[in-house]
2 protein chains.
Amino acid sequence: MTTRTAEQRRLDARVAHNRDLDGCPGHAILSILAERWTTLVLEALAEGPRRHAELARAVPGATQRMLTRTLRRLERDGLVTRTVTAQVPVRVDYALTELGTDLLELQQSVLCFGRRRIDDIREARRRYDSGS
Amino acid sequence: MTTRTAEQRRLDARVAHNRDLDGCPGHAILSILAERWTTLVLEALAEGPRRHAELARAVPGATQRMLTRTLRRLERDGLVTRTVTAQVPVRVDYALTELGTDLLELQQSVLCFGRRRIDDIREARRRYDSGS
DNA sequence: CCGTATCCAAGATGATACTG
DNA sequence: CAGTATCATCTTGGATACGG
């Protein structure tokens, strides 16, 4: 007896659907870009390789922990390279890959859209918040 | 005596920098798009107005709570309109605004990028994860 | 200089049950 | 049909201190 309730069918649909979601290329990209420090780090690398300490200065909002974490993820995703030079103290350089440069361009489109439309969004929020 | 320690100066810089960050148009857009159900709801509305229940069917992954929450935020941001028709039972229609349609186009660019590059990213992840 | 480990707060999401 | 309320869980991000 396969008497699944309507409730059960809905749950199954959700599970299946969520599997699809995780495979969506769009969401993969968004989850990379939307991480708090990703965009700033990519921008800081736009004009050439930078040492860890230089990036820390270029992105003063990030704690060292978050900067390192962000860089590790970008490296894992093939967006930046990490080069360690053995000296005392150690030297570490980061640079954009071709893939990283490509993503940076998309990031610029998002920024352009934001600049073009952010006022409309903020205005809508004001109206909504005052209306209720 | 303004003897702020270097530690204190760094903290101040972070605070100031983070204020700037929150005002960045790019991050505002990304925080909208990156919410889990935003893209799917916008897509479901691409071809015309939909009732709440129709959206629930179009986005089966979302619970009713999340669907309502997502729609409320999109409404607040001026991306969709919400129209209530008094009848029994009540009828609620959602539709994209011009601003919402505009954002949907940006969303398509992100999706295109993902489709074009996702394999490179996944390959990079495999390499990274196997290498370490 | 560069990175890691620990602890913690806040927000996002989800499960579930209930209402006009 | 559409929405709300409550509670649990997971993920992000931040503070702080320590290590090679």
Side-chain angles (χ1 to χ4, degrees), chain A residues 5-8 10-15 17-19 21-22 27 30-41 50-76 80 82-94 132, chain B residues 5-8 10-15 17-19 21-22 27 30-41 49-75 80 82-94 132:
Chain A
T5 62
E7 185 63 30
Q8 185 60 47
R10 255 176 277 128
L11 182 60
D12 289 351
R14 264 211 289 282
V15 171
H17 195 262
N18 286 341
R19 255 198 305 274
L21 232 195
D22 291 335
H27 273 82
L30 284 173
S31 73
I32 293 172
L33 281 181
E35 243 181 80
R36 175 131 209 204
W37 304 110
T38 296
T39 55
L40 296 171
V41 169
R50 293 280 180 276
R51 296 187 58 174
H52 181 103
E54 295 175 314
L55 289 175
R57 275 189 295 276
V59 189
T63 59
Q64 195 173 43
R65 179 179 175 279
M66 286 313 296
L67 182 58
T68 298
R69 184 133 102 83
T70 303
L71 286 165
R72 282 288 184 288
R73 291 190 180 178
L74 295 179
E75 185 195 3
R76 175 171 184 263
V80 309
R82 177 170 177 270
T83 312
V84 180
T85 307
Q87 52 183 40
V88 184
V90 65
R91 172 196 180 110
V92 182
D93 289 270
Y94 292 93
S132 58
Chain B
T5 62
E7 186 64 28
Q8 186 60 46
R10 255 176 276 129
L11 183 59
D12 289 350
R14 264 209 291 280
V15 171
H17 195 263
N18 286 342
R19 256 197 306 274
L21 231 196
D22 290 334
H27 273 82
L30 285 172
S31 72
I32 293 172
L33 280 182
E35 244 180 80
R36 177 135 208 205
W37 305 108
T38 296
T39 56
L40 296 171
V41 169
R50 291 282 181 275
R51 297 187 59 174
H52 182 103
E54 294 176 315
L55 288 174
R57 275 190 294 277
V59 189
T63 59
Q64 195 176 41
R65 180 179 175 281
M66 286 313 295
L67 181 58
T68 298
R69 184 133 104 86
T70 303
L71 286 165
R72 282 286 184 289
R73 291 191 179 179
L74 295 179
E75 185 195 4
V80 310
R82 177 169 176 271
T83 311
V84 181
T85 307
Q87 54 183 41
V88 183
V90 64
R91 172 195 179 108
V92 182
D93 290 270
Y94 293 92
S132 56

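A, B, ... follow the sequence lines: proteins, then strands. Residue 1 opens every chain.
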Using whole Å, report how far CE of B:M66 lies from C1' of D:dA8.
-> 15 Å

Using atom CG of A:N18 as one end and atom P of D:dT9 as the other, report the distance to the nearest whole Å.
-> 19 Å

B:R82 side chain N/O closer than 4.0 Å to the phosphate oxygens (OP1, OP2) of D:dA2?
-> no

B:R82 and B:Y94: side chain donor to acceptor below 3.5 Å | yes

From the candidates D:dG3, C:dG3, C:dT13, the one with an atom nearest any side-chain atom of A:V92 is C:dG3

Does a side-chain N or O from A:Y94 land closer than 4.0 Å to OP1 or OP2 of C:dC2, or not?
-> no

Do B:L55 and B:L71 come within less than 4.5 Å of each other through their side chains, counting heavy atoms only?
-> yes

With respect to the side chain of A:A53, which nucleotide from D:dA15, D:dT4, C:dC2 is positioned closest?
-> C:dC2

Could you please name the option among D:dA15, D:dA2, C:dC2 that lies closest to any side-chain atom of A:V90?
-> C:dC2

What's the closest nucleotide to the B:P89 side chain, out of C:dG3, D:dC1, D:dG13?
-> D:dC1

Rounded to the Å, how far apart are B:H52 NE2 and D:dT4 P?
-> 10 Å

Between D:dC1, C:dA15, D:dG13, which nucleotide gets closest to the side-chain atoms of A:L11?
-> C:dA15

Within the modelled atom types, does a donor on one side and an acceptor on the other bring the side chain of A:R65 and the base of D:dT12 under 3.5 Å apart?
-> no

Just how far, in rounded Å, is P of D:dC1 from CG of B:D93?
-> 14 Å

Once you round it to whole Å, what is the distance between C1' of D:dG14 and CD of A:E35?
-> 14 Å

Separation of D:dA2 atom P from B:R50 atom CZ, nearest Å, is 13 Å

Starting at the 5' end of DNA chain D and moving along, which residue's nearest nucleotide shows up first, B:T68 or A:R36?
-> B:T68

Distance, rounded to the nearest Å, where B:R91 contributes CZ and D:dG3 contributes P = 13 Å

In terms of side-chain heavy atoms of A:Q64, which of D:dG14, C:dG3, C:dG14 is nearest?
-> C:dG3

State whether B:R14 places a side-chain N or O below 4.0 Å from either non-bridging phosphate oxygen (OP1 or OP2) of D:dG14.
-> no

CG/B:L40 to OG1/B:T70 distance, rounded to the nearest 0.5 angstrom?
-> 9.5 Å

Value for CG (A:L11) from OG1 (B:T63), rounded to nearest 0.5 Å, stands at 11.0 Å

Separation of D:dT12 atom P from B:H27 atom NE2, nearest Å, is 15 Å

Would you say B:T38 and B:L74 make side-chain contact, with heavy atoms under 4.5 Å?
-> yes

